Structure formats: structure tokens, C-alpha cells
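One structure below.
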Number of protein chains: 2
Amino acid sequence: MDAIKHIPTIPLFQGLTPEHHAHVASIVVEKVYRRNQVIFSEGDEGNGFYVVISGRVKVFKLSPDGKEQILHILGAGEPFGEVPVFAGERFPAHAEALEETRVIFFPRASFADLIKKNPSLAMNMLAVLSRRLRRFSALIEDLSLKEVPGRLSAYLLYLSDKKNRETSLTLDISKAQLASLLGTIPETISRILTRMSAEELIESDGHRNIKILDRPGLEELASGERKLL
Amino acid sequence: MDAIKHIPTIPLFQGLTPEHHAHVASIVVEKVYRRNQVIFSEGDEGNGFYVVISGRVKVFKLSPDGKEQILHILGAGEPFGEVPVFAGERFPAHAEALEETRVIFFPRASFADLIKKNPSLAMNMLAVLSRRLRRFSALIEDLSLKEVPGRLSAYLLYLSDKKNRETSLTLDISKAQLASLLGTIPETISRILTRMSAEELIESDGHRNIKILDRPGLEELASGERKLL
DNA sequence: CGTGGCCTTGATAAAGTTCAAGAGCCGTGG
DNA sequence: CCACGGCTCTTGAACTTTATCAAGGCCACG
């Protein structure tokens with residue numbers, strides 16, 4: 001009901017007038033999901049898309065034997081599930097709440113109307129999709145051209161950069177989730193963190209806290225110039 | 001110069017009026033590239049995007065040691081290089097002509113103007129990007145969750161479906177390109193085709209002609225239910 | 001007829017997965 | 001307050017898949 005107070009804070013709706021915000025608010029529906037609750041499944045009919053208000057959502061692919069590959073993890077203000085709105089057909093992946101999560105849902109038809117009348121909303125949405133394409137390109141590159149130590153280094157550096165190059169990091173997801181995000185399994189993550197510690201690239205407390213000791217070393221790993229023993 | 005006659009045939013511009021087509025034509029520049037010529041490189045400033053008129057283009061990532069992963073191969077009517085137009089920054093990948101190729105180039109600023117005034121062009125572009133996201137999701141899934149025989153089966157089935165489920169196929173790219181598209185190397189492709197032939201899933205003339213003998217068998221491979229010996 | 005491109009095949013090695021066992025931690029409930 | 005069960009994480013050993021390196025075959029083109 002109080003969607004109107006969230007709308008203006010969502011990057012997708014930046015640059016719109018208050019009237020437009022009100023209009024957007026009038027077409028949305030709020031929903032709440034518990035931890036591990038399915039939001040949609042691959043192949044479902046996509047009748048609209050979502051924006052996270054609070055909490056976190058993972059979007060992922062599943063193999064027949066149950067292995068998962070996370071495509072991305074979304075937090076407050078980020079949209080997901082837009083593909084079927086514009087390309088028709090169905091959701092290309094699954095979405096699930098990682099924790100108690102509030103989202104707002106935009107029904108397809110009314111959103112399509114809105115976007116047609118609103119060039120800057122269209123431009124914002126084009127920017128969102130373009131950035132996602134850029135991220136997917138990076139993921140494809142990682143999966144195909146880098147080994148796991150390189151992917152893990154890149155992830156640690158990414159976390160560090162998010163915090164102004166802070167060297168003390170706290171993983172915000174479990175090792176299992178991290179493995180799924182990097183296209184590997186928890187055992188491999190564990191072994192590589194051990195090797196990174198042995199080479200004094202990082203220091204780990206065995207939990208979710210990691211300190212970066214040798215940033216240039218990690219950068220070399222991420223770019224493939226260097227290998228772990 | 002004769003771009004005007006191509007514009008109306010490009011899917012991106014479907015549903016626009018002839019005046020709009022003329023306007024589009026007035027802002028484009030035609031370019032021709034030879035086989036293997038670089039169109040842009042990753043990290044280049046993206047001042048506009050391209051649409052293929054004739055010929056074919058590959059868009060790909062390169063690892064420091066020279067291994068390449070093809071993101072997609074584009075033919076007539078297909079746009080590429082749009083990401084920097086909407087997300088800013090630079091091209092996230094390289095593009096190169098696979099053969100003599102004619103393209104039209106859309107300068108960023110004038111295209112952005114056009115799209116703001118033209119909701120159905122915006123919707124078409126959103127559809128293009130959404131379909132690309134769908135394809136990238138499938139590629140990520142392949143790389144992360146399928147083994148090479150599964151990816152190759154999926155590719156053969158895709159080729160077959162493009163021709164109304166015709167069983168006689170001709171590869172339109174070299175084994176090296178195919179390997180790069182599937183995230184592997186030519187030797188591996190060769191070995192797997194041999195094994196597929198041994199199990200009478202396909203018949204290969206050793207060149208680029210392949211006949212599908214056991215479509216259900218390939219489908220099982222593609223979905224991971226079945227393994228090659 | 002020779003040369004270069006493209007493909008195949010074999011032997012070897014590297015990277016990661018699987019399977020299995022066990023350690024540490026946490027909340028629950030007796 | 002402590003024991004138990006359930007998680008998550010770590011570690012080891014065997015195995016699988018794929019890459020790498022090297023050699024040779026085939027064909028088209030000059």
C-alpha cells in the first residue's frame with residue numbers, strides 16, 4: 001500500500017515526475033516472500049516483473065541433477081524478471097528469496113503502456129538491460145576463460161571495491177551460494193581459500209571474514225597472469 | 001547511401017512509419033569490413049551501434065593468453081554493440097567480421113534522440129536486448145551445467161530446428177569457431193563427433209555435413225539424462 | 001606437386017568433481 | 001546447563017572431464 005514512498009527511490013524511476021511516480025504506484029502490487037520461498041520458476045508465464053524493496057533474491061538456472069548456477073543476486077532497488085515483459089515467452093530462470101524479502105510487482109500490460117508514454121522510463125529500462133548484458137558477458141568470460149582461483153579473486157576484489165577498497169571483507173553469502181555464483185562447488189572454494197591463505201594473499205578466519213593482504217597478487221590471479229601453486 | 005532500402009527490412013524498425021524509416025536512414029553511416037577485420041575491440045569507446053546488412057560478424061571475449069569465447073554470431077538484420085549506447089562506458093567485447101560484411105552504423109546521440117521520440121522503436125529495442133539476455137542465460141547454463149557433449153547436441157538440435165527439423169545439416173562455421181562458441185577447443189569437438197557417430201546418433205562426412213540419425217538420443221544428451229561412452 | 005589450412009588421433013597432464021569422513025558451531029529442548 | 005541434531009565448512013583420495021602437446025592425414029589451391 002505504501003508503494004508510493006518506495007517508487008521515487010528506485011533507480012529505474014529516476015528522472016520521472018511525481019505524477020508519473022504516482023501513476024506507477026497505482027499499478028503495482030506488493031508481495032512478501034520468506035527465506036527460500038520460490039518467486040517464479042523457469043518456464044513460468046511471465047505476466048510482469050519485480051523490483052526488490054528489501055531483502056535479497058537470487059536468480060538461477062538448475063541442471064536436471066540439481067546443480068545450480070546463480071545468474072545474479074539482487075538487493076533493494078533492483079528489478080528482475082523483465083525479460084518476458086519485452087521478449088514474450090517465459091521466464092528463462094528461477095527466482096527465490098534468500099531471506100525475508102519485500103518486492104513490488106508490475107503487471108506487464110500496464111507497465112508496457114506506461115513505458116510507451118514515457119521515453120525516459122524507456123531509456124532507464126534500456127540502461128538496466130544493457131548493464132545486465134554487460135554483467136552476463138563478464139560471467140560468460142569468467143566461466144569460459146578463467147579458472148576458479150581467478151573467478152574467486154575477481155569476486156573478492158569486487159567486494160572490496162564496493163567498500164572503497166576496504167581490505168577487511170565479510171562474505172554476504174554462504175560458501176555454497178558463492179560456489180554457485182562462481183560456477184563451482186563449495187569444496188573447491190574451500191580448497192582455494194586455503195591455498196590463497198598459504199600464499200599470504202588473504203587471511204581468513206574460517207568463517208565469513210577475509211582480509212586482503214596482497215591486492216596486486218589477487219589482481220594478477222584475476223587476470224590470469226599468475227597461478228596458485 | 002542506399003541505406004533507406006535496407007531500413008524497413010530490419011526487425012528493429014518494424015512497425016515504424018515510412019517517415020521514421022527515412023529519418024533513421026538519414027542518420028546512419030554505411031561501412032564495409034573484410035573477412036577477419038576488427039569492427040571494434042573490448043574497451044573501445046562506443047559511440048554508436050551497428051546492424052548487419054549482409055555477411056556475418058562474431059562478437060567475442062578474449063583471455064590474456066589468446067583463447068576466445070564467442071558470445072554470438074550475427075547475420076543480416078541483427079544489431080550489435082548496443083550496450084554502450086544505453087549503459088554508457090565501453091564495449092564489453094570484441095567484434096570482427098567473419099566474411100566480407102556490410103553494416104550500417106547508428107551514431108549514439110542521434111539514435112538516443114530518435115528512441116526518445118519513438119515509443120515503438122524503444123519497445124523494439126527492449127525486445128532485442130531481452131532476447132539477447134535470454135540467449136546469454138542459455139549460454140551461461142551450458143557453460144556451467146552441461147558437459148561438452150550436451151552443448152554440442154544442443155547446438156545440432158538448434159541448427160536442425162532452424163531448418164524445420166531437417167535431419168541433414170551443414171555446419172555454417174568452422175570447427176574452430178564452433179569450439180569457441182561452445183566454450184571448448186577443436187580437438188574436443190572432433191572427438192565428441194566421433195563418439196556420437198560411434199553410437200549412431202549422427203553420421204558425419206568428416207567435413208561440414210552431419211546427418212541426425214537419433215534425435216531423441218541427442219535430446220537426452222542435451223538435457224544431461226544420457227552420457228556418451 | 002608442394003604448401004598451408006583444417007581436421008583427426010593419441011598420449012599425457014591439469015583442473016575440478018565426487019564421495020566420504022569429520023570438525024566446529026548454534027539453537028532447541030530436556 | 002548441557003546434550004543432541006542439524007548446518008556449514010574442511011580435508012583427503014579416487015575419478016572424470018577436458019586441455020595440452022605433438023604428429024600425421026586430407027584436400028584445395030597455387
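A note on names: the letters A, B, ... follow the listed sequences, proteins ahead of strands, and every chain is numbered from 1. Owing to the predicted nature of the structure, the values given are computational and were not obtained by experimental measurement.
A:K211 NZ: 12 or fewer foreign heavy atoms inside a 6.0 Å radius.
With sequence neighbours excluded, no residue satisfies ring-ring contact (aromatic ring centres under 6.0 Å, His included) with B:F86. A search for side-chain hydrogen bond (donor to acceptor under 3.5 Å, both in side chains) contacts involving B:K61 returns A:E141, B:E42, not counting sequence neighbours. For B:R195, there are no side-chain hydrogen bond (donor to acceptor under 3.5 Å, both in side chains) partners at least two apart in sequence or on another chain. A:Y33 pairs by the ring-ring contact (aromatic ring centres under 6.0 Å, His included) definition with nothing, not counting sequence neighbours. A:R226 pairs by the side-chain hydrogen bond (donor to acceptor under 3.5 Å, both in side chains) definition with A:E199, not counting sequence neighbours. In terms of the side-chain hydrogen bond (donor to acceptor under 3.5 Å, both in side chains) criterion, residue partners of A:T170 (sequence neighbours excluded) are, by chain and number, A:N209.
B:F80 and B:H72 have their aromatic ring centers separated by at least 6.0 angstrom. Between B:F49 and B:F105, the distance separating the two ring centers is not shorter than 6.0 angstrom. Aromatic rings from A:F106 and A:F13 are positioned such that their centres are separated by under 6.0 Å.
Interface residues of residues 61-74 of chain A facing DNA chain D, ordered by number: none; criterion, heavy-atom separation under 4.0 Å. The stretch residues 221-229 of chain A has no heavy atom under 4.0 Å from DNA chain D, so no residue of it qualifies as close. Listed by residue number, the members of residues 184-192 of chain B with any heavy atom below 4.0 angstrom from DNA chain C are B:E187, B:S190, B:R191. The stretch residues 139-158 of chain A does not touch DNA chain D, since none of its heavy atoms comes less than 4.0 Å from the strand.
Nearest approach of A:L182 to A:L143, heavy atoms of both residues: O-CD2, 3.9 Å. Of all the heavy atoms in B:A127 and A:A87, the pair that sits closest is O-CB, 4.3 Å. Between A:Q69 and A:G183, the shortest heavy-atom distance links the atoms OE1-CA, 3.0 Å.
Nearest-nucleotide positions on DNA chain C for A:H207 and A:R195 put A:R195 closer to the 5' end.
A salt bridge links A:R56 with A:E99: at least one charged nitrogen is closer than 4.0 Å to a carboxylate oxygen.
Atom CG in A:L193 sits about 17 Å away from atom P in D:dT8, given to the nearest Å.
In the 5' to 3' direction, nucleotides of DNA chain C lying under 4.0 Å from heavy atoms of chain B begin and end at C:dC7 to C:dA11.
Within the structure, the side chain to side chain donor-acceptor pair (under 3.5 Å) test picks out the following pairs touching residues 172-188 of chain A (sequence neighbours left out): A:E68-A:S180, A:Y155-A:D172.
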